[in-house]
Q: 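Below is a structure I'd like to ask you about.
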Amino acid sequence: MAAPGSRIGKKAKNDDFYKAILLLKNEQECYSFFRDVCTQTELRAMEQRFEVARLLTQGMVYNDILERTGASSATISRVARSLTDSDGGYDCVFGRMDDGKL
């Protein structure tokens, strides 16, 4: 039984989850962890959103992204909105990718 007050509410985040991700040492560990945590559908959706964000930041237009990724126009629009209202996560990762750190 969970300790009182330890349940995660709908809007609360679990810091331990994010700290656990930081403990992963390589691509295989990351892949294995996310395969355990997510369904195949959830993984594909996250991978697709990541690719859409990458293509949007490279200046690709919606129709080309739709054709290349198979993402719906609604998904592309949501990702574009998340880039606009960003906490900087995409910028951080894409910057590191550009720097050759990934």
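Computed from a predicted structure; not experimentally measured. Worth knowing before you read on, the calculation uses all heavy atoms, side chains too, and leaves out hydrogens, waters and symmetry mates.
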Q: Taking all atoms of both residues into account, what is the closest heavy-atom pair of Ser86 and Gly89, and its distance?
A: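 The pair with the smallest heavy-atom distance is OG-N, 3.8 Å.
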Q: Give, for atom OH of Tyr31 and atom CG of Asn26, the distance between the pair rounded to the nearest 0.5 Å.
A: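 Tyr31 OH to Asn26 CG: 14.0 Å, rounded to 0.5 Å.
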Q: Quick check: does any side chain N or O of Glu29 sit under 3.5 Å from a backbone N or O of Lys25, one acting as donor and the other as acceptor?
A: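 Yes; judged by distance alone, with no hydrogens or angles, the pair exists.
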Q: Tell me every residue that passes salt bridge (charged side-chain N to carboxylate O under 4.0 Å, His left out) with Arg44, counting only those two or more places apart in sequence or in another chain.
A: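 Salt bridge (charged side-chain N to carboxylate O under 4.0 Å, His left out) check on Arg44 returns Glu47.
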Q: Nearest 0.5 Å, what's the SG-CG distance between Cys92 and Asp87?
A: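 The distance works out to 11.5 Å.
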Q: Taking only residues two or more places apart in sequence or in another chain, which ones pass salt bridge (charged side-chain N to carboxylate O under 4.0 Å, His left out) with Asp85?
A: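 Result, salt bridge (charged side-chain N to carboxylate O under 4.0 Å, His left out) vs Asp85: none returned.
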Q: Please find the pair of heavy atoms, one from Ala71 and one from Val52, that lie closest to each other, and give the distance.
A: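 Ala71 and Val52 have their closest heavy atoms at CB-CG2, 3.8 Å.
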Q: Other members of the hydrophobic cluster containing Leu24, with the 4.5 Å side-chain heavy-atom rule, please.
A: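 Traced through the cluster, Leu24 reaches Phe17, Tyr18, Ile21, Phe33, Phe34, Val37, Leu43, Met46.
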Q: Report the distance from atom CD of Glu42 to atom CZ of Arg35, rounding to the nearest 0.5 Å.
A: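 One gets 12.5 Å once the value is rounded to the nearest 0.5 Å.
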Q: Test question: given the 4.5 Å side-chain rule for I, L, V, M, F, W and Y, name all other residues clustered with Val61, or answer none.
A: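 Its cluster mates, by chain and number: none.
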Q: Please list, one pair per line, the donor and acceptor atoms closer than 3.5 Å that link side chains of residues 75-83 to other protein atoms, with sequence neighbours excluded.
A:
| residue | atom | partner | partner atom | Å |
| --- | --- | --- | --- | --- |
| Thr75 | OG1 | Ser72 | OG | 3.1 |
| Thr75 | OG1 | Arg78 | NH2 | 3.3 |
| Ser77 | OG | Arg81 | NH1 | 3.4 |
| Ser82 | OG | Val79 | O | 2.7 |

Q: Output every pair passing side-chain hydrogen bond (donor to acceptor under 3.5 Å, both in side chains) with a member in residues 54-69, not counting sequence neighbours, ordered by first then second residue.
A: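 Qualifying pairs: Glu51-Arg54.
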